[in-house]
Every structure is written in C-alpha cells, then in structure tokens.
Amino acid sequence: MTTDAPDGIPPHRYDAALADEIERKWQARWREQGTYETPNPVGGLSAGFDRVAGQPKLFVMDMFPYPSGSGLHVGHPLGYIGTDVYARFMRMTGHNVLHTMGYDAFGLPAEEHARQTGQHPRANTEANIATMRAQLLRLGLGHDVRREIATTDVGYYRWTQWIFLQIYNSWYDRDLARARPIAELVAEFASGARALEDGRSWGDLDEGERHAVLNGYRLAYLDEAPVNWCPALGTVLANEEVTAEGRSERGDHPVFKRPLKQWMMRITEYADRLIEDLAHIDWFESVKAMQRNWIGRSEGANVRFPAGSAMIEVFTTRPDTLFGATYMVVAPEHPLVDELQADAWPTGTRDAWTGAHDTPADAVDEYREEAAAKTELDRQAEGREKTGVFIGAFATNPVNGKQIPVFIADYVLMGYGTGAIMAVPGQDERDWEFAEIFDLPIIRTVQPPEDFAGDAYTGDGPAINSGFLDGLGVEDAKRAMIAHLQERGAGVGTTTYKLRDWLFSRQRYWGEPFPIVYDEAGNAVALPHELLPVELPELIDWAPRALDEDSDPEPPLGRATEWATVELDLGEGPTTYRRELNTMPQWAGSCWYYLRYIDPTNTEVVVDPEAERYWMTDAHGGIGGVDLYVGGVEHAVLHLLYARFWHKVLYDLGHVSGPEPFQRLFNQGYIQAAAYQDARGVYVDAHAVEERDGEFLYEGQPVTRTFGKMGKSLKNSVTPDEMYARFGADTLRLYEMFMGPLDQDRPWETRSVTGSMRLLQRVWRNVVDEDTGELTVSDEEPSEGLLRVLHRTIDAVRSDMGALRFNTAIARITELNNELTKLDGPTPRAVAEPLVRMLGPLVPHIAAELWERLGQEGSLVYASFPEADPAYLVEDTIELPVHVNGKMRSSISVAADASDQTITAAALADPKVIERMDGKEVRKLIVVPGRLVNIVV
RNA sequence: GGGGACGUGGCGGAACGGUAGACGCGGCGGACUCAAAAUCCGUUGAGGGCAACCUCGUGUGGGUUCGAUUCCCACCGUCCCUACCA
C-alpha cells in the first residue's frame, strides 16, 4: 500500500483536517457567489426574482440571539441548525426560502460592560456581533447575509421608533374591536359624534386637558408607576438587579420604590383577540396554554356591597354562591379602608379579630406595616397561613340584607379584580381557612356529593341555602344570579384579566430613545416622522454619581445635558423642548424584526406592502405570518405576546396584511450536559472528571453527577470550536440533528459524536477512494433490491425532513449507506447521486464537495431533492406476520395483492400456526391487508 | 394549589392501534497491526435450552380491543411554567 501519511492513515480519508479544508472552501465559495441570497418580488432586493417567480415562498426564522461576549457553546446552535436543514430541504423542493439572522443587541450586559471598562456599548456590541457572526458562518448556515439586522442599527431602530409613534397615535375602538388613528377620535370629540366620558365638551378644554383626555385613550400612554431607585448608585434598577432583601445586587445599597412617570402600552385592550387568535396558529398546545394562563381571562360578576355611605365592589367568578358570603376581605392598601374603618370596636367584636389593638385604626396601621414589610420569601416561609384584622365596619349582603364584617388581609391582592372579595368559605378553600382561624360562619350553598370529605367544596352540584337559586346547577345559578343583580343595580356580569398593561419605559442608556419631547407645560409631544431617528447621544459619563434618598430618580440619559433639551420648530416657531430620558425595553426591537428581514434596505417605509404580502401570506389558506419560527420555550409568554400585540396594532392600522406574526412556532429542546459537584456541592470542571467503575472522580475525589443546561455556571460547556477541530462542522450538525427529536431536551455526549463522523467517513468512502482520491462510482445499473432500498429511503427521508424529524431521516440515510458499504463492487452512480442530494440539507459542505466530484456543475443548494418512484415502493410478495390469539407466532410470504382467502388459507396451512392452534376451532379471523393475520381460537 | 410535558435495553432514541427496541453510542468477539489508535467484520433486552426454539418484557394497577409502547381512567415518579388571581 502506498501512503504518504506517517501514521498509516490513507491520504484521502475524510477526517477532521479534510473536513476543515472542504468546509472553508465551500463557505468561501458560497460567500463569493451569494448562494443564499433570496430575491424579493419588489424593491432593492428584487434582482433575480424571475428565477423563482413561479415557486411557493417559505419564511423560516430563528429567535435571534443576544450577542453576548462569552461566545457560543454547542447548545446554542441547535435550533439554528434545525431551521437551516429545513430551509435547505425546502429550497431543494422548489421553494423561494427567506432565511437570515439578526442580533437583539440592546440590553444590560453591554451597558454594565461600559460602566466597568469605559468601552462604549456600541463598540462592545459590534465586536460581539462580529465574533458571533463568524462562529455561525463556520457552521455553514445558509443565511441571506444582506438581510441581517441588529436592533441597535440606527437604520433599524429608526423604525422601532416609527412603530412606537403608530401605537402612540392610535386608540382602541371597543365598538369596532380594533385600533384606529387618534386623529379620528379627536375629530369625533370635536364634532360631538362621540361624547367625552365625563360629559365635558371638547371645545371647552384647554391644551393640557385635551392632552390628558387623549392620554386616557392612546395605546401608548403615560402613567405613574413605581421604580427601583437606588440613590447610592444614582440609577434606577431593573427588578432583576434588586435582591430579595430590597438591596442592589451591585454594591448592596438600599433601594427605594419611587413613583415615576413612565410609558405604558395598552395591551389589555387586545386580551380577547390575543386569546381568540390562538385558535388559528400552529403552535405547541403547551405554549398556547401558557399564553392563556398569562392573560388569565375569568368570567364572573362585579357585585356592590353597601357599607355605610360607601360601596365596596368585589369581583367574583362565583356569583352563584352569594348567599354564602359571610364576611368580606379587602386588600390592606385598598383606598376605601381609611373611609370605612370605625373609630372604635363595635360591641360584640371578638378578641381574635382585633389583633389585640385598642382601636381599628391601630390594628389597620400595624397590619399594613407588617404586610408591606413582608418579602416574598417571608410569605413562602410562613406557609401562607392566613392573617388579617377586622376594620370595625360591616357591609350589607345585597341578596339577603345580612350585615357581614369587613376584614383586611394580605391574601387579597390590590392588583387583581377590584382588590376586594366577598368571602364564601363554603365554596372557597382560602376563605374556609380564614373563616376557621377567625371563627366566622360557614354556609354551604352547593350540595357536595355524599362521599365528599373535604372542607370547602368547589365542584358542581345543586344550589342549597340560596333562596331562588336552590336546585340549580352552578352554571345555571351563575346566570340567574347575574340577571338578578343586574335587575336591581347591585352588580353586573364582567370579565377580568390577569394581564396588566405593559410597562414600556426603562431607565437605561443602551436602548431605543423615545421619539417624544415635552413642552414647557410638560405635555408629551410626538416628533414628526421626518425627525426620526432620534439617535442616542454618544458621549456619556459612566462614572457613578452618589445621591441621597430624597433626590429624584434620573435615567442615565439625563447626564447627556446637551442632548436632553432641544430647540425645534414643530409648527409654532422655534421652541425649546425637553427630551424623554427613558429608553425602550429590550422587547421593543424583537417585537418586529421579522418584518425588517423582509425588506431591510427600505428607507421609505417600514416594509414594502407588496413584499410583506408576498412573504407573510399563507398560500394554503392559513392565517399567515412567518411559516416557521423556531426558538426556546423561555419566550413562550413575554416576547411572543408582545410581538403578537404589536403585529395586531400594525394590522389594525393597515401596515401589515394579516393579524398574526408567526403562523407556526416550534420550540426546540435544550442540550444538557453532565455536571459534577464535589462534597461541598460546588461544581467542578466537567472536562476534568474521570469515570472509573461507575464512579466519578475529580482530582481523585468522588463527585456526584447531575444533568443540566449547558453553561458557565455548571462548568459543563463544550464549544463548537472543539468540535470543529476534532470532527468538523458537518459532523457537529449531523450529530446535533441525530441526537433526538428537535423539541426534546437531550444530554450531550462528546464520545457519541464519533458515530456521526463515521457515517460521513463511510459515505465518503463509498464515493471516493481513500488512497487515490479517485471516484469509486460506476455507471452500472443498481440491482432491483438496491433500487427498492433507495426509493424507500427517499420516501421516508422526504416526509421526515418535511416534518422536522431529522433524527429518523438520518437513520434512514444511514441504512441506505450501510447497503452501499455491504456492496462488493463500486457504488452505482444512480444511488450515489440521490444519496448526496439527500445529505445536502444536513451536511452541506461534504455534500457539495461530493456533488462536485461526481461531476455536477450547478450548486447542490438549488438541486432538486430526490423523489421516490412509486414503482419501487410496492413489493411483489410480502412477509405477513401471523398472530394466534394476538401473539406473533409465524410469518407467511404471500403476493402483495393476494386476496383475503388466499392469505387465510396460507396462514392456516403454516405448520407453526397449526401447532399453536392445537386443533382448536377458529373463533375469529382478522386479516389486515398488507399488515397481518390474527387467528383467534 | 393550578396548568403543561414526559416515563421503552447500560446510554441517546425507533415503532399509521398490528413482528417492540430501527439508527447510533457503549460493551463483547474477531480481522488488520510488532503494538496501539483509526478502520473493517460479527455480536449485543432479560431468563432458559446443545439446538430448532421457548418464556418474560415499554413506570404501577385497571379498562376498551381480535390485538395496546400507542386510546381511556386511577396511581407512582421526573421535568417545565405559574402561583393566596377570588
């Protein structure tokens, strides 16, 4: 054997070095030739559209990453590889595929980095993006790089600001259930077509009053909301930066809750539509459930309980149980408490109700103080034991006139419903618990079943002790009670949501500035579109500035003093304005990036309407949107809810063609890896752990193994670079796709990567001679049997790839390749070519290389995916299993089109079957054509 | 407490209600090699039998069915989300 390799390895073996050479060669060629550039029907990127004009389109997208400085591990690209394989497969089946990548690049880490190093966030961010782009390119992802965006690009966030203005300049018309321009509302007010809620006339209002009225309607509006103000750091902190003890994570300084005027988004107006449209999109049921839970719609009634001169309004989902309401509870911070509390304890007040205080005022004050001081940890530690105090007042149950005591307790939350409840211990477990502690009466109003042994009964049953409701089931009783209350003006059927309006201001530097200024009177003024973008000021003083507790919170942009005020002529002559100093949250940029992928170079509009229709309309009659969106389940609620909300606003205003952004969502699993803890519970470097006889040792000491998400904290990261060096990018891609179904978590096992490498080596060897580098392919016709295997494989691989079942597709391809390996002679070209085509989407570099060596001229990327010839899928004779009494006992060989009678006769004649039947009579005979025979005796 | 997902060899995982364990890792045996690695061939659920074969096997217990890993009910366990939401 002639070999020039000193270690005896054949010179043309597919190993890591050759893989590296091949991968770099093809990546360079793809870049030079713009292989992955996808044409638009119109506009700046429309060159070459003729080529694809007749093809169906496909829009495949990943959740774009934050460009972190710490680099990738092998868990990160799992979803990116999945979408890439799918996108490549769809290209080869004749689709015009839009597939690119972007960077969600605003955010805290870059700002923190700037504070520590003085390096500007933009420089840091751009460096990180460059690193990440190179890492992703090395994987061979087929992205149209011309369409890449970063949310921090001025040309991008200009349009984020533009969308903000669209939302700001609109209101939700509840009658039409859609957003409309605010100008139309103003016109209706001015003409009198619509009355103001408080009966005033629009013409009588001054400028400030008009601003205030419209602020109450706008979908983006100003409201006072509490922020975490840390005077020692001179900054406002995000919730995540505040410890459970209410101190700053950095420096451990005290943090104070302070109200600050902030931007809110009226997402609650869209609550119903956000729930309803879930029915029309193809997402995992679990994610839909999370969104429904988050929105938290509950149907019920608001009921008014007179209490002295006041009226306590409660929300309940169980108006049918009103006869069982024996006391009331309001949240400690409820505004009515001060008005309601009695001066002295009424006669007959039980000791347990007073908290040992002399007056209701003392009891309320102390309870409020205690409740406010409790942290989440305290509450959990106490096991949620019910606490509360009587406030000395009584309310009247509107259905039976009974006087019932009013308590405050922290198990009633100000933020949900009306902040007050009617307590029905008979049908509510929390109320039962409270009633037992405070010795309050319990009246059952639903008859529990006879075998019911618990306390509060929350199930269905006939109403009892409930006057006119008695005998009705829960649903009927609810309806009857709501009708009764509405007739008497004591209540009304309502719907409540857990969803809150979206707090949209952040007191940070590294985010999108608002396109808003304030006039001298403090009114917000939207900048006209011509003045966009509002760019972030570049010069920022990062040094900490210590302030005292009484000083006002100041966002970082307040330090850009030259920028913070601006002279503009907005139609009334040059005037000085103050700029909005807050920035938008990181969600803003990620709410709409899919739209910019469509038309990234457009400077006139956010996205060309024709291009938008082309990419976002579903040809199969679906609701439309991105055809496939892949990402982690951690974004199941916030990002996906916010993006759906923005999209619906844009839809209402006519800027996009459909009501949903993402028609199909797929959540990929996580790659986990073994992590090891020493005796102290500290994680040790997983790479340095040895396994010996089932024991795990680190520096000779035993450690325990667990599995967790790959990452720095568990010290179990494996980097792609390691994998490139040992195996190559194609092998890494293949292994990640082969590990298991894309939506499942799976443990990483570096030694198993070998298996994927071996497959590629065997494929290579079936086409290329390892010693000479010559082709080992013949033009001879493959055997009938091999052709059958080939076409069965094509059939299975096609359907697996279309359904994102890459693991089984790879298994089928492996089987086919094993057939070729077993072959004694050279590989028939008629098998080698379709094999290489099928590998194209999975391992694009080696496939392109083999494609070229096979003498093909065009790019494999746009070659057609093989199609199975149905003639080879049907067999002449088939092996049919024969069951006796449901157990597999034998198999018979029959013609594929044999009649039931023929099959039955063959089965009954089979010696093993006869033996198993043991001379017994046939009771039943099941013949499933093409599947099996079952004989019941 | 509520919601969701899931339980199959030593490991990752395959199986339109129809031959359980495809494909791969690891293990074992062999070829090649002075040797090792790499590569190649064979074998590998458990138990029994010289063998052909037989028995048992998809978390547990029921149910539906000629037939259940698959559908239904209950329980046990794991993971994720959410949480005093009235």
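Just so it is clear, the model here is predicted, and its values are computed rather than measured. Here is how names work: the chains are called A, B, and so on, in the same order as the sequence lines, proteins then strands, and each is numbered from 1.
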Atom [atom1] of [X] and atom [atom2] of [N]: how far apart are they, to the nearest Å?
X: A:Leu734; N: B:C25; atom1: CG; atom2: C1'; result: 14 Å
X: A:Arg762; N: B:C41; atom1: CZ; atom2: C1'; result: 11 Å
X: A:Leu499; N: B:U82; atom1: CG; atom2: C1'; result: 15 Å
X: A:Leu760; N: B:G24; atom1: CG; atom2: P; result: 13 Å
X: A:Leu759; N: B:C40; atom1: CG; atom2: C1'; result: 16 Å
X: A:Tyr411; N: B:A83; atom1: OH; atom2: C1'; result: 16 Å
X: A:Tyr670; N: B:C81; atom1: OH; atom2: P; result: 9 Å
X: A:Met737; N: B:C25; atom1: CE; atom2: C1'; result: 18 Å

Assigned partner base of [N], Watson-Crick or wobble definition, under 3.5 Å:
N: B:G42; value: B:C28
N: B:G67; value: none
N: B:A5; value: B:U78
N: B:A20; value: none
N: B:A83; value: none

| said: Using a 6.0 Å distance limit plus a 45 degree cone around the ring axis, check whether A:Lys386 lies over the aromatic ring of A:Phe434. | reply: no
| Is NZ or CZ of A:Arg644 both nearer than 6.0 Å to the six-membered ring centre of A:Trp283 and within 45° of the ring axis? | yes
Set of salt bridge (charged side-chain N to carboxylate O under 4.0 Å, His left out) partners for [X], sequence neighbours left out:
X: A:Arg798; result: none
X: A:Glu921; result: none
X: A:Glu299; result: A:Arg297

Taking only the side-chain nitrogens and oxygens of [X], find out if one of them lies under 4.0 Å from OP1 or OP2 of [N].
X: A:Arg758; N: B:C25; value: yes
X: A:Arg765; N: B:C40; value: yes
X: A:Arg13; N: B:C40; value: no

| request: Decide yes or no on ring pair (Phe, Tyr, Trp, His ring centres under 6.0 Å) for A:Tyr735 and A:Trp748, but give the supporting numbers first. | output: CA-CA 10 Å; A:Tyr735 173 65; A:Trp748 179 268; 4.9 Å; yes
Say we look at [N] and [M]: how far apart would their [atom1] atoms be, to the nearest angstrom?
N: B:C72; M: B:C56; atom1: C1'; result: 26 Å
N: B:A15; M: B:C54; atom1: C1'; result: 25 Å
N: B:G47; M: B:G10; atom1: P; result: 10 Å
N: B:A14; M: B:U78; atom1: P; result: 23 Å
N: B:G21; M: B:U69; atom1: C1'; result: 11 Å
N: B:C66; M: B:G12; atom1: P; result: 36 Å

| message | For A:Leu78, give me all partners under side chain to side chain contact (heavy atoms under 4.5 Å, CB included), at least two apart in sequence or on another chain. | response | A:Gln668, A:Ile671, A:Glu736, A:Met737, A:Leu742, A:Arg746
Contact class for [X] vs. all strands (heavy atom < 4.0 Å): base, sugar-phosphate, or nothing?
X: A:Asn818; result: sugar-phosphate
X: A:Thr821; result: sugar-phosphate
X: A:Val882; result: nothing

| field | Under 3.5 Å donor-acceptor, A:Arg923 side chain and A:Val936 backbone | value | no
| Can you check whether A:Val767's main-chain N or O pairs, donor with acceptor, with A:Thr776's side chain at less than 3.5 Å? | yes
| field | Residue closer to the 5' end of RNA chain B, A:Gly755 versus A:Val637 (nearest nucleotide) | value | A:Gly755
| Closest nucleotide of RNA chain B for A:Gln761 versus for A:Val753: which of these residues is on the 5' side? | A:Val753
| Base, backbone or nothing for each nucleotide of nucleotides 43-58 of chain B, written B, S, -, heavy atoms under 4.0 angstrom, 5' to 3'? | -----------SSS--
| task | Mark up nucleotides 2-20 of chain B, 5' to 3', with B wherever a protein heavy atom is under 4.0 angstrom from a base atom, S wherever such an atom reaches only the sugar-phosphate, and - elsewhere. | result | -SS-------BSSSB-BB-
| Stepwise side-chain hydrogen bond (donor to acceptor under 3.5 Å, both in side chains) check, A:Thr268 with A:Asp501 | CA-CA 6 Å; A:Thr268 49; A:Asp501 276 346; 2.6 Å; yes
| Residues A:Met414, A:His334; criterion side chain to side chain contact (heavy atoms under 4.5 Å, CB included); working and verdict | CA-CA 7 Å; A:Met414 197 57 223; A:His334 196 289; 3.9 Å; yes
| Side chain of A:Trp294 (C-beta onward), nearest among B:C85, B:C40, B:U82 | B:U82
| query | Does B:G9 sit syn or anti, given that only angles within 90° of 0 count as syn? | reply | syn
| Would you call A:Lys912 and A:Glu915 a salt bridge, using N to O less than 4.0 angstrom? | no
